[in-house]
Amino acid sequence: MYDFKRIEKKWQNIWEKNKTFKTGTDKSKKKFYGLVEFPYPSGAGMHIGHVKAYSGLEVISRKRRMEGYNVLFPIGFDAFGLPTENYAIKTKTHPRKVTDKNIEVFTKQLKQIGFSFDYDRCVDTTDEKYYKWTQWIFLKMFDNGLAFRDKTLVNYCPSCRVVLSNEDSQGGKCDICHSQVIQKEKDVWYLRITEYADKLLEGLKEVDYLPNIKTQQENWIGKSTGAFVNFKIKDTKESLKVYTTRPDTLYGATFMVIAPEHPLVETLKDKITNYDEIINYKEEAKKKTEFERVELQKDKTGVEIKGIKAIDPVNDKEIPVFVADYVMMGYGTGAIMAVPAHDQRDYDFAKKFGVDIIEVIKGGDISKEAYTGDGEMINSGELNGITNKKEAILKMIEFLQKNKIGEKAIQFKMKDWAFNRQRYWGEPIPIVHCDHCGDVGVPYEELPLRLPKVENFEVGTDGESPLAKMSDFVNCKCPKCGRDAKRETDTMPQWAGSSWYFLRYIDPHNDNELASMEELKYWLPVDWYNGGMEHVTRHVIYSRFWHHFLYDIGVVPVSEPYAKRTAQGLVLGPDGDKMSKSKGNVIDPLDVVNEYGADTLRAYILFMGEYSLECPWNENGIKGVSRFLERIYNYKDKLNDKKGYSEKLESIINKTIKKVSNDYENMKFNTAISALMIMLNEYDKQDSITHEDYKILLTLLNPIAPHITEELNETVLHNKEISTFSWPTYDESKCVDENVQIACSVNGKLRATIDVSVNTSKEELLSLAKEQENVKRFIEGKEIVKEIVVPNKIVNIVVK
RNA sequence: GCAAGUGUGGCGGAACUGGUAGACGCAUCAGACUCAAAAUCUGACGGUUAAUAGCCUUGUGGGUUCGAUUCCCAUCACUUGCACCA
């Protein structure tokens, strides 16, 4: 048994002392910037998921260094946020202290696992030298009209007393405390991310993200091309504007639905004969969160607005108007035209309320359900006979524009980003409210606007930020006119600090700018960003948005921050469920380090399965990897004095170098390790192996298991450190086997295999196959219809 | 509902642009070593079977093909994300 405790400690000390993994500064060298999502330093310490998330690029980074790159592989801490604040409130400790302690523990643990981060570039989002620049970016957005304040119905968590973005209140529950979210009118700071929707979509074309990541972002942005159409309200001057992606079905519109909050209800109050009923419905809808409104899909509620009718502009038909809460004011125009024959949701509604259903596209059976497929247009005036949906849409848009009843329109699903929180532990929003000047940005030279040091940072009962109670902080002079004014007391959400942290790593101690252009030009873009699937639509989009903005104002040299993005799969508990404290299936990585060593932990986490897929933890599986490392360790007694590779091992060595190199690049670490195991099995068949044979194994394994390989390389082979080696190369001509096995099949069924030398001719393969006893049995007395020979692979004889 | 992903032995998982399904590892069984156990080493190991013959087998049902885990259609289950998105 090798003494992993001593060996791992020894090498960790050497790396720390020699600064082995310090980022290179020689700009003439090619660069590699590998980025992992920085952790939230929770009190629980590292999670097994962190180990998996970092191990992928850890291997790549170690390989890149050996390939001669300047490697920037940094780590930092996303330390603002509610858990720390709540913990601080509970234990009556200041969040600053809690954060510092947690960061210390985390850093120690990261080092215990041997991660080759450049710890000198560590970034902490709660450091005022850092959040100075987070505030600076916010101010720049404010100056450019991208940060604005509005009164809106917002998701509000009564328990946390915080306004939440839609993204943070999924399922109608607060993301943090899981209590019910309600709707409340409130002052909200927004970042106008919608203005960048098109750029964020276009930018995806030039980056190398995993396909499913790209698709998710596209869906989130949700660009749709359709048309605005105006429906007149009969006997009034009013009209209803709707947005539709299916203007081709306009002749099939038999009713309209508006959101309960739609202003038309007030404008036409006098004409509406059931106004009270409508208002009642509106009040009921207010009680529901957006989630509940959209969730109740089985039973659609709504009320017909009596006394008014809309007029379909293409055929002048009078159609009824309903209010229903499944239509949202926040998307499109807050009103829809309903085409029950070709939209299932409208169909259900029409059936329930007894509205006409008019078929305009042939192909379905509208007595049973809506038909959403393609087909010939009918009952549609000038569109009749068209069978192509796109053509029909284009023709209708043309018609609408010619007759000035509508126009082509592009809509995005994405909404603006609600940006303020009523919390202490976040970046103060650097804005002053002045009665005369309105919202005024804190002057840049006064940044950072520091979080005041206080004893009591608990949230007040009014749901305001704790900062609101600090008169020293609140009361100030307006930077513009000098009169008495009040500071904004809300803070930024956790997404703020994580939206630009990768820029700070590039130049972490710069006091004059967020990072120098010279450094940014060298290091950007991030070459490879790996993280969780769950951050693909929030953090990654938010940070791309910030980066595009910084590019537009000339602060960064490229528009897309991440050249490549991958994601690792979850590590599940041994029971196959997601690890959670309540289920008691949590594996603590440090326990594993203590029992098996860091190298075994690293190797197992990469060996357990395909990196991008989720995979359950298996206590037995780790033993296999542990044995593998043990076997390598015991090889020191089996070395001979011969030079070069053993002749018999040349082929397997070259093949393994090739396989492992490729697999690392494709994050197929499990098959890379498997290839190394196969190589070791080949070594086992020899009486002895050479120093070179051994060295190549240690080198290939080093990125995954750095401690044990460095130790053996030093104590057995007496070489300088592996981290100074060049990455091994292979000879393609030696990767080819001399012999291959050929499958011989009859009618596609395997009947025999033959061993032949590589590149045996087709003719010879065929005649060899026919000589096989078992092949003979199946072709004898039958007519040969076809003979297929694929050299080096298979012979298939088709008989009748 | 929409979108994406996954489905292979007792288990985790392999399989290049369609070409010997089950690599590698775990578990299990047998043997060696040992007084014994552990560790280690050797061998077997999808099902059925006396068989190194055959038949069946990659969620299910079809299709294309000489040949399908791989491509196409349908369907089921699970996971994730978004959502009455017009």
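Quick note on labels: first sequence line is chain A, next is B, and so on, each numbered from 1.
In this structure, of B:rU20, B:rA3, B:rC24, it is B:rA3 that holds the atom nearest to the side chain of A:Thr215. The side chain of A:Phe607 lies closest to B:rC24 when the candidates are B:rU20, B:rC24, B:rA15. Checked against B:rA86, B:rA14, B:rG67, the side chain of A:Thr671 finds its nearest nucleotide in B:rA14. With distances taken from any side-chain atom of A:Ile678 to the nucleotides B:rC24, B:rG81, B:rA3, the minimum falls on B:rC24.
Backbone-only contact: A:Phe778 has heavy atoms under 4.0 Å from sugar-phosphate atoms and none from a base. Residue A:Glu610 is classed as a sugar-phosphate contact, given heavy-atom separations below 4.0 Å to backbone atoms only.
Atom CG in A:Asn662 sits roughly 15 Å away from atom C1' in B:rU17 (whole-Å rounding). Rounded to an integer number of Å, the gap from A:Asn774 CG to B:rC55 P is 9 Å. In this structure, A:Asn681 atom CG and B:rU42 atom C1' are separated by 13 Å, rounded to whole Å. One can place CD1 of A:Ile788 at 14 Å from C1' of B:rA68, the figure rounded to the nearest angstrom. Computed from coordinates, the A:Lys749 NZ to B:rG19 P distance equals 18 Å when rounded to whole Å.
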Test log, rule side-chain contact (heavy atoms from CB on, under 4.5 Å), inputs A:Val536 and A:Arg565: CA-CA 9 Å; A:Val536 160; A:Arg565 165 80 191 195; 4.3 Å; yes
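Look at the P atom in both B:rG47 and B:rG22: the space between them is 14 Å, to the nearest Å.
Using a 4.0 Å cut-off between charged nitrogen and carboxylate oxygen, A:Lys685 and A:Glu682 count as a salt-bridge pair.
Considering only side-chain N and O atoms, A:Arg627 lies under 4.0 angstrom from the phosphate OP1 or OP2 of B:rU40. For A:Arg751, a side-chain nitrogen or oxygen approaches OP1 or OP2 of B:rC55 to under 4.0 Å. A close approach under 4.0 Å does occur between a side-chain nitrogen or oxygen of A:Lys786 and OP1 or OP2 of B:rC66. Note on A:Asn670: a side-chain N or O is less than 4.0 Å away from OP1 or OP2 of B:rA14.
In B:rG25 the O4'-C1'-N dihedral to the base is more than 90° from 0, which defines an anti nucleotide.
The pairing partner recorded for B:rU80 is B:rA3, the criterion being a Watson-Crick or G-U wobble arrangement whose two distances lie under 3.5 angstrom. Using N1 to N3 plus N6-O4 or O6-N4 for Watson-Crick, or N1-O2 and O6-N3 for G-U wobble, each under 3.5 Å, B:rG9 pairs with nothing. Pairing for B:rU75 goes to B:rG59, judged as Watson-Crick or G-U wobble with the two contacts each under 3.5 Å. Across all strands shown, nothing is found opposite B:rA14 as a Watson-Crick or G-U wobble partner with both distances under 3.5 Å. With a cut-off of 3.5 Å on both Watson-Crick or G-U wobble distances, the partner of B:rG54 is given as B:rU48. B:rA30 is paired with B:rU42 under the Watson-Crick or G-U wobble criterion, all donor-acceptor distances under 3.5 Å.
Nearer the 5' end of RNA chain B, as judged by each residue's closest nucleotide, is the contact made by A:Pro616, out of A:Pro616 and A:Val625.
Looking at A:Glu37 and A:His539, their side chains never bring a donor and an acceptor atom within 3.5 Å of each other.
You won't find any donor-acceptor pair under 3.5 Å spanning the side chain of A:Asn620 and the base of B:rC26, going by distance alone.
For an aromatic pair to be called close, the ring centres must be under 6.0 Å apart, and A:Phe349 with A:Phe255 satisfies this.
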